Amino acid sequence: MLEVAHIRENKEAFAKALSKRNIDAATLLDQVIAADELRRNSQSQLDEVLADSNKFSKEIGMLFKSGEAQKANLLKEKTAGLKEQSKTLQEQLNAATEELQNLLYQLPNVPHDSVPEGNSDEDNEEIFREGDIPELHDGALPHWELAKKYDIIDFELGTKITGAGFPVYKGKGARLQRALISYFLDKNTAAGYTEYQVPHLVNEASGFGTGQLPDKEGQMYHVTEDDLYLIPTAEVPVTNMFRGDLRSHSELPIACTGYTPCFRREAGSYGAHVRGLNRLHQFDKVEIVRIEHPDNSAAALDGMVDHVKTILQELELPYRILRLCGGDLGFTSHLTYDFELFSTAQDRWLEISSVSNFLTFQANRLKLRFKDQDGQNKLAHTLNGSALALPRVLAGILENCQTPEGIKIPKALVPYCGFDMID
RNA sequence: AGAAAGGUGGCCGAGUGGCUUAAGGCGCACGCUUGGAAAGCGUGUAUACGGAAACGUAUCGAGGGUUCGAAUCCCUUCCUUUCUGCCA
């Protein structure tokens with residue numbers, strides 16, 4: 001959620017920056033300012049009435065105390081209309097506040113200067129590429145064929161017990177998955193992230209805090225009986241651990257990592273591109289989250305990008321980094337870098353990580369603040385990224401590391417797997 | 001699921017209708033003290049909104065109500081803890 005005070009001061013700058021998202025925010029911004037003004041006026045009026053009322057109450061109390069009951073009763077009559085007035089004004093204030101909230105919920109975050117213009121993922125800007133794309137032998141297969149050949153992932157079995165998009169991992173496939181989780185968590189904790197295990201269901205307030213609600217309601221599985229949501233990413237429970245907090249500047253930065261399964265309804269996704277592990281309703285992911293001082297969040301984002309790079313370098317996988325364009329940038333994000341792994345057998349890039357800086361956008365919803373050195377309370381900056389999303393990394397390993405003899409496990413993973421070949 | 005007890009500031013914790021302007025403690029900041037630190041002593045220290053400011057208003061889980069006046073009384077609701085039941 002954007003900060004009203006900033007919009008009030010800088011409406012044109014906001015409109016201009018938001019135009020990069022190909023939306024015309026001018027009307028909405030005007031409405032925000034109007035609602036804000038109504039809210040402030042209502043509060044001023046209400047405060048006056050309440051101030052009067054408080055003054056009378058105090059006097060009456062004093063009079064009763066000094067035994068002047070008659071005078072007190074006389075004064076009581078003067079307070080008669082105040083209650084009605086304050087009630088009306090209170091309702092007006094509540095309505096204006098709610099109106100303002102609803103308007104603010106509709107405004108996405110402001111893109112960073114470096115975010116390129118563009119409408120879709122085709123306009124994202126490649127900023128880095130590394131790793132050799134392997135020459136595959138004749139008869140090389142896509143990962144879903146490999147999964148069947150070596151009997152390590154069973155998609156049909158998952159369909160039987162749940163439905164499409166819920167694969168069953170088996171034998172060395174399951175072990176490799178577990179190895180990747182441990183490996184990622186170890187890399188993250190070595191880089192200073194504290195490991196957490198968090199709930200996989202969250203309440204409505206948490207969904208609002210990180211911005212999944214209300215805009216992405218349909219993407220989450222909703223357990224209506226208890227009004228809880230299955231998490232689409234660990235970002236939600238991890239970031240919400242800090243909801244409503246007021247921290248000392250000395251506690252920053254806070255760096256967390258956690259492994260969770262992620263559940264996404266992916267309503268409306270069909271076709272060849274969702275085959276195999278490419279798009280699932282349930283998948284595993286290790287996430288990193290940072291709470292940062294505003295002065296430091298830009299550097300922190302670069303640090304997260306570097307961190308994810310080192311993991312992919314160690315896994316010896318070919319990848320590239322994209323700076324998302326305005327049209328592809330997430331609703332809550334200010335600046336996002338996507339990591340894509342080259343899937344050689346499919347001849348396409350697969351997104352395996354998305355690293356974002358949200359500035360105060362999430363913190364404003366979360367009411368996540370810190371007391372700065374100057375004594376001022378300020379909204380913190382939040383950032384998060386995948387390090388990493390499992391299924392597509394798994395797909396990349398299967399496809400890129402396949403040989404006629406079997407799948408050769410990257411060296412870094414062998415100690416975690418306990419084997420160096422799937423055959 | 002049933003019963004009981006609770007929800008108070010950054011944290012802990014007192015507080016049963018009007019100097020509560022929320023005691024006390026911890027923490028934090030500054031000062032004194034010290035060769036330096038610790039301890040000790042002193043001073044200060046909630047949040048949000050409105051206001052150029054002075055200042056005002058709100059907030060004791062949330063929402064209503066009673067009252068001139070509510071942390072305090074009443075109703076509704078959410079959550080937590082303990083016990084019982086069920087259960088990995």
Side-chain angles (χ1 to χ4, degrees), chain A residues 1-9 32-104 197 199-209 213 223-229 237 240-254 261 291 293 360 363-380:
Chain A
M1 191 162 67
L2 296 173
E3 295 169 72
V4 200
H6 293 169
I7 295 176
R8 210 190 294 156
E9 288 158 18
V32 164
I33 287 173
D36 180 50
E37 209 164 291
L38 179 61
R39 179 186 61 86
R40 286 186 292 152
N41 283 339
S42 304
Q43 169 144 16
S44 293
Q45 290 176 50
L46 175 62
D47 284 358
E48 269 178 52
V49 174
L50 289 174
D52 279 351
S53 162
N54 285 343
K55 213 163 53 195
F56 282 129
S57 293
K58 237 168 232 165
E59 283 176 42
I60 292 167
M62 306 268 264
L63 289 171
F64 273 125
K65 201 157 244 178
S66 59
E68 301 173 84
Q70 249 184 351
K71 274 190 181 174
N73 284 320
L74 217 64
L75 207 50
K76 267 196 203 180
E77 287 168 27
K78 292 179 90 168
T79 66
L82 291 177
K83 184 142 196 169
E84 199 55 40
Q85 273 186 58
S86 71
K87 202 167 177 177
T88 311
L89 287 167
Q90 183 69 60
E91 277 163 15
Q92 193 181 311
L93 175 62
N94 291 348
T97 306
E98 197 185 334
E99 165 77 2
L100 182 61
Q101 282 294 326
N102 288 337
L103 290 167
L104 285 172
Q197 288 194 15
H200 301 165
L201 284 99
V202 294
N203 56 30
E204 196 177 26
S206 294
F208 269 96
L213 296 174
V223 182
T224 51
E225 181 84 18
D226 297 289
D227 201 17
L228 296 172
Y229 295 85
N240 271 282
M241 293 195 295
F242 307 97
R243 170 152 47 87
D245 283 8
L246 176 59
R247 302 278 174 150
S248 161
H249 63 88
S250 61
E251 291 178 72
L252 302 179
I254 297 168
I291 318 289
H293 190 286
T360 61
N364 194 22
R365 287 189 174 203
L366 292 159
K367 297 287 167 266
L368 166 49
R369 296 157 302 154
F370 69 99
K371 194 176 279 292
D372 207 351
Q373 222 140 7
D374 59 11
Q376 299 265 312
N377 298 323
K378 297 172 182 166
L379 292 169

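These numbers come from a predicted model, not from an experiment.
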### Query
Taking only residues two or more places apart in sequence or in another chain, which ones pass side chain to side chain contact (heavy atoms under 4.5 Å, CB included) with N94(A)?
Q90(A)
Do any N or O atoms of the protein come closer than 3.5 Å to N or O atoms of nucleotides 67-73 of chain B, and which pairs are they?
from	atom 1	to	atom 2	distance (Å)
U67(B)	O4	K83(A)	NZ	3.1
C68(B)	O2'	S57(A)	OG	3.0
G69(B)	O4'	S57(A)	OG	3.2

### Summary
Sorted by chain and number, sequence neighbours left out, side-chain hydrogen bond (donor to acceptor under 3.5 Å, both in side chains) with N102(A) holds for none
### Query
So what does K367(A) hit on the nucleic acid, given a heavy-atom distance under 4.0 Å: a base, only sugar-phosphate, or nothing?
nothing
### Message
Under 4.0 Å, heavy atoms only, any strand: does N377(A) hit a base, just the sugar-phosphate, or nothing?
### Response
sugar-phosphate
### Query
What is the nucleic acid contact for R247(A), judged by heavy atoms within less than 4.0 Å: base, sugar-phosphate only, or nothing?
nothing
### side chain to side chain contact (heavy atoms under 4.5 Å, CB included) partners of N377(A), counting only residues at least two apart
L246(A), K371(A)
### Rounded distance [0.5 Å steps], CG in N41(A) versus CG in L89(A)
11.0 Å
### Message
Can you list every stem that RNA chain B is part of, counting only runs of 3 or more consecutive Watson-Crick or G-U wobble pairs with both distances under 3.5 Å?
### Response
B:1-7 with B:78-84, B:10-12 with B:24-26, B:27-32 with B:40-45, B:46-50 with B:55-59, B:61-65 with B:73-77
### Task
Report the residues that fulfil side chain to side chain contact (heavy atoms under 4.5 Å, CB included) with E204(A), sequence neighbours left out, ordered by chain and then residue number.
F208(A), L213(A), D227(A), Y229(A)
### Task
Could you tell me which residues satisfy side-chain hydrogen bond (donor to acceptor under 3.5 Å, both in side chains) with K367(A), sequence neighbours excluded, listed by chain and number?
N364(A)
#### Entry: Crowding at CD, E48(A) (>12 non-hydrogen neighbours, <6.0 Å)
no
### Summary
Those residues at least two apart in sequence (or on a different chain) that pass side-chain hydrogen bond (donor to acceptor under 3.5 Å, both in side chains) with S53(A) are none
Can you give me the N/O atom pairs linking the protein to nucleotides 85-87 of chain B at distances under 3.5 Å, or say none if there are none?
none

### Task
For P253(A), enumerate each residue passing the side chain to side chain contact (heavy atoms under 4.5 Å, CB included) test, keeping only those at least two apart in sequence or located in another chain.
R290(A), E292(A)
### Message
So, using side-chain hydrogen bond (donor to acceptor under 3.5 Å, both in side chains) as the criterion, who are the partners of R365(A) when residues are at least two apart?
### Response
none
Nucleotide N/O to protein N/O under 3.5 Å, stretch nucleotides 54-56 of chain B:
from	atom 1	to	atom 2	distance (Å)
G56(B)	N2	D47(A)	OD2	2.9

